[in-house]
Amino acid sequence: MSPARGVIAFLLVAALSGCSLFSTREPEAPITSSGTFSQPDTPEQVIENIENAVRELNTLNYRRSLSETLDFQPTASAEAREPVFASWDRAQEEQYFSALVSAAEMNTGHSLTLNDRSLTLVSPTEFVLDATYVLSVNHRRTEAPTEVQGRLQWTLVQQLDGLWSLETWIDQELGPVPTWSDLKAEFMK
């Protein structure tokens with residue numbers, strides 16, 4: 001090696017050792033707002049993830065549980081009364097849930113209780129959950145109900161990546177109490 005190349009190599013090594021290019025960086029703190037979410041390898045995990053997302057009001061995990069082609073069918077009375085349901089899709093679903101989360105920020109005691117559950121195999125890649133629900137969200141909007149009830153039918157579909165998500169959601173009334181459709185409509189106003 002010529003003396004000039006030796007000097008250049010020495011200067012290069014000295015310059016690199018002076019910077020932190022090869023030093024170990026400090027580990028980043030874990031993301032604490034990720035909430036409770038399991039990889040949706042089964043339809044049951046999607047149901048559990050949605051229950052957790054509602055309880056924790058976690059928009060990311062709620063969104064992760066929905067199919068890209070989500071089809072929401074509101075109650076018959078909500079559909080007749082609320083024009084917002086004419087073109088409801090995944091974007092509206094995310095918008096409603098984000099508005100709900102904002103209105104309930106800093107409050108606790110949110111829950112989704114599913115009763116009378118029946119999970120039916122339709123095909124190896126499709127299950128249907130039929131259940132009654134009670135949804136409680138402690139938000140600050142006085143015009144919207146804090147508790148809604150009804151019957152839901154969720155079609156859970158395995159996607160091409162092998163993971164499951166909520167594809168179709170049918171909401172039904174059970175008497176004169178406000179339903180999930182009513183809550184969604186209020187948070188889209």
Side-chain angles (χ1 to χ4, degrees), residues 28-75 78 85 88-139 145-174 179-184 187-188:
E28 294 181 19
I31 299 171
T32 57
S33 63
S34 61
T36 307
F37 187 85
S38 300
Q39 181 166 304
D41 294 327
T42 65
E44 293 87 353
Q45 287 173 323
V46 175
I47 297 165
E48 187 177 318
N49 285 337
I50 293 173
E51 290 173 312
N52 289 330
V54 167
R55 189 182 72 250
E56 297 167 354
L57 291 182
N58 187 309
T59 53
L60 175 62
N61 291 342
Y62 188 78
R63 189 178 315 133
R64 292 167 74 186
S65 301
L66 307 176
S67 167
E68 291 294 327
T69 57
L70 175 71
D71 176 27
F72 176 72
Q73 299 173 24
T75 62
F85 290 121
W88 193 273
D89 61 11
R90 182 186 160 120
Q92 278 75 33
E93 186 70 28
E94 291 177 12
Q95 187 178 349
Y96 131 75
F97 195 73
S98 293
L100 178 67
V101 169
S102 293
E105 203 168 43
M106 306 302 285
N107 292 346
T108 59
H110 320 296
S111 66
L112 171 60
T113 304
L114 299 176
N115 298 311
D116 306 320
R117 293 180 187 212
S118 167
L119 189 60
T120 305
L121 171 69
V122 175
S123 75
T125 59
E126 184 177 326
F127 280 78
V128 173
L129 170 71
D130 187 65
T132 59
Y133 65 83
V134 178
L135 170 66
S136 298
V137 179
N138 296 314
H139 57 76
T146 57
E147 182 174 295
V148 296
Q149 299 179 32
R151 174 171 290 283
L152 60 79
Q153 192 175 76
W154 286 346
T155 302
L156 306 158
V157 175
Q158 188 176 31
Q159 304 300 319
L160 294 176
D161 60 4
L163 301 178
W164 293 76
S165 61
L166 173 57
E167 179 98 5
T168 304
W169 180 342
I170 299 172
D171 193 21
Q172 299 172 328
E173 295 168 309
L174 290 178
T179 63
W180 211 326
S181 298
D182 299 322
L183 184 69
K184 290 181 182 191
F187 276 91
M188 291 299 283

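Keep in mind the model is a prediction, meaning the values are calculated, not measured.
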Taking all non-hydrogen atoms of both residues, which atom of [X] and which atom of [Y] are closest, and how far apart?
X    : Y    : answer
L70  : L166 : CD1-O, 3.6 Å
S34  : N58  : O-ND2, 3.2 Å
S136 : E147 : OG-OE1, 3.3 Å
I50  : L112 : CG2-CD2, 4.3 Å
T179 : D182 : N-OD2, 2.8 Å
Q158 : P124 : OE1-O, 4.1 Å

Could you tell me whether a side-chain N or O of [X] sits under 3.5 Å from a main-chain N or O of [Y], the two making a donor and an acceptor?
X    : Y    : answer
E126 : V122 : no
N138 : T108 : yes
H110 : E56  : no
S181 : T75  : yes
Q92  : D89  : yes

* Could you check I47 against R117 for side chain to side chain contact (heavy atoms under 4.5 Å, CB included), going step by step and ending with a plain yes or no? => CA-CA 11 Å; I47 297 165; R117 293 180 187 212; 3.7 Å; yes
Could you check if a side-chain atom of [X] sits within less than 4.5 angstrom of a side-chain atom of [Y], using non-hydrogen atoms only?
X    : Y    : result
L57  : Y62  : no
L114 : L129 : yes
H139 : N107 : no
R90  : T69  : no
Q39  : L163 : yes
F72  : F85  : yes

* What residues form a side chain to side chain contact (heavy atoms under 4.5 Å, CB included) with Q95, not counting sequence neighbours? -> M188
* Begin with the C-alpha distance, continue with both residues' side-chain angles, and end with the deciding distance and a verdict on side chain to side chain contact (heavy atoms under 4.5 Å, CB included) for E94 and T59. => CA-CA 8 Å; E94 291 177 12; T59 53; over 6 Å; no
* Asked: W154: what forms a ring-ring contact (aromatic ring centres under 6.0 Å, His included) with it, not counting sequence neighbours?
  -> W169
What's the separation between atom [atom1] in [X] and atom [atom2] in [Y], rounded to the nearest 0.5 Å?
X    : Y    : atom1 : atom2 : result
E167 : T125 : CD    : OG1   : 10.0 Å
W180 : L135 : CH2   : CG    : 5.0 Å
L174 : L152 : CG    : CG    : 9.5 Å
N61  : E51  : CG    : CD    : 13.5 Å
I170 : T155 : CD1   : OG1   : 6.0 Å
T36  : E48  : OG1   : CD    : 8.5 Å

* Asked: Without hydrogens or angle criteria, can the side chains of N49 and S65 be said to hold a donor-acceptor pair below 3.5 Å?
  -> no
* Asked: Side chains of Q159 and S165: is there a donor and an acceptor less than 3.5 Å apart?
  -> yes
* Asked: Please, which pairs that meet ring-ring contact (aromatic ring centres under 6.0 Å, His included) have at least one residue in residues 34-57, sequence neighbours excluded?
  -> none
* So F127 and W164, would you call those rings parallel, tilted or perpendicular, with 30° and 60° as cut-offs? -> perpendicular
